[in-house]
Amino acid sequence: MSQSAQAAPTGRQRDAAILVTGAGGEMGHGLLCALHCAKDRQAAIIALDVRELAPEIRAHCDHAFVGDVCDHALLARLLAMYEIVEIYHLAALLSTRGEFAPETAHQVNVGGTLNLLHLAAEQARSHGRTVKFFFPSSIAVYGIPDLATKGAAGAVREDQFCEPHTMYGCNKLAGEHLGRYYDQHYRKLAKDRIANPVDFRSIRFPGIISAETMPSGGTSDFGPEMIHAAAAGRPYRCFVRPDSRIPFMTMPEAIDSTLRLMQAPKRALHRSVYNVASFSPCADDFARLVRGAFSTAEIEFEPDLGRQSIIDSWPESCDDSAARRDWNWNPTHTLEGAFRAYLLPRISSRYPESTVSAPVDVARAVDMLKK
Ligand code: AKB
């Protein structure tokens, strides 16, 4: 049974725990499964989300709390109840949603991150060990001024174009800096300061595509939405131009990169924030593959100027040489490989009652991309 924010403290000795916020979101789904299955796991998994977790996600957690990362009282209770050794802070309002309510996005994305970093530092003070902290950042931290510059820039490095055009991008950049501060400089002048209470590690993720879940509130959602709509037998209106190009990766790759970075020895890491890259299709590449795989797919392009401007400000691809060098990042999928080995075989089984008449034809899909 889920524990609510009102549950009384247990009073027992504190259990070592890994805390996952935003546990019910897309990434939480994959990450909780991977953490639960880890052979050498020594700590309980505790999940926090604003909504009750779906039973299949709840099954991967030892304890689950319904509540908000801005709720100080709830975080204080978690501090008292558990000896938190690792935090995966996934809770966030994404780029499209954030543009409708920028101040709320700031409160959740920056305020929530500050609260979790403070919780990590207080934990480190109470049990005397550094708390590992994972922060999923985003390609939204980049803000490229125009399409000509985007085309000329190619794969951007971590230190280029960090002038985001969205509140979400500003928030992620702020979160990266706060994390670095808690890791290296926290309470610099305090007499009772403890050095390096937080071991902060972050990845700037591209758009993520999962066969199991649908994203919501993001601007990279057109890729996964197109595939899920076709699998479900629904027509799809794509909100960006066919030539729009940003980087993507599959959910298994996103989870793999997270675990690799978290397992890397600290001495190997030369930065706290890393790009990762996998494949960089344009929206039309997606459409051709989807049409090839689902003969009934209906895809139209009807660009929304606002969302298009966000996609145009994000890079075509990212330079991930630092991640390759420091923690052996090595993507497994090309776009074709992702369709062939992961997306198409898994996605159709998610929509058993779909109206799609023709079976998925992976070979035809890949041929379509070559044309
Ligand atoms: C979004 O579109 O906001 C996210 C992201 C790229 O971080 N998926």
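All ligand and atom numbering here is 1-based and tracks the order in the structure.
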Worksheet item: Quick one: are the ring centres of F222 and F248 less than 6.0 Å apart?
Response: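 Centroid distance F222-F248: below 6.0 Å, so yes.
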
Worksheet item: Is the distance between the ring centroids of Y142 and H165 less than 6.0 Å?
Response: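 Y142 vs H165: aromatic centres not under 6.0 Å.
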
Ligand 1: which protein N/O atoms lie under 3.5 Å from its N/O atoms?
unit_1   : atom_1 : unit_2 : atom_2 : d
ligand 1 : 2 (O)  : S95    : OG     : 3.4
ligand 1 : 2 (O)  : T219   : N      : 2.7
ligand 1 : 2 (O)  : S220   : N      : 3.0
ligand 1 : 2 (O)  : S220   : OG     : 3.3
ligand 1 : 3 (O)  : S95    : N      : 3.0
ligand 1 : 3 (O)  : S95    : OG     : 2.5
ligand 1 : 7 (O)  : S138   : OG     : 2.7
ligand 1 : 7 (O)  : Y168   : OH     : 2.8
ligand 1 : 8 (N)  : S220   : OG     : 2.9

Discussion item. Please determine whether the number of non-hydrogen atoms from other residues, nucleotides or ligands lying under 6.0 Å from atom CZ of R260 exceeds 12.
Written reply: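 Yes - once you tally the heavy atoms of other residues, nucleotides and ligands closer than 6.0 Å, there are more than 12.
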
Practice prompt. Look only at the side chain of S278 and the backbone of H333, and say whether a donor-acceptor pair between them is shorter than 3.5 Å.
Written response: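 Looks like yes, one N/O pair under 3.5 Å.
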
Worksheet item: Donor-acceptor pair, T130 side chain versus N196 backbone, under 3.5 Å?
Response: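 Between the backbone of N196 and the side chain of T130 there is a qualifying donor-acceptor contact (under 3.5 Å).
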
Practice prompt. Inspect the contact between E52 and R58 and indicate whether a charged nitrogen and a carboxylate oxygen are less than 4.0 angstrom apart.
Written response: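 No, this pair does not count.
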
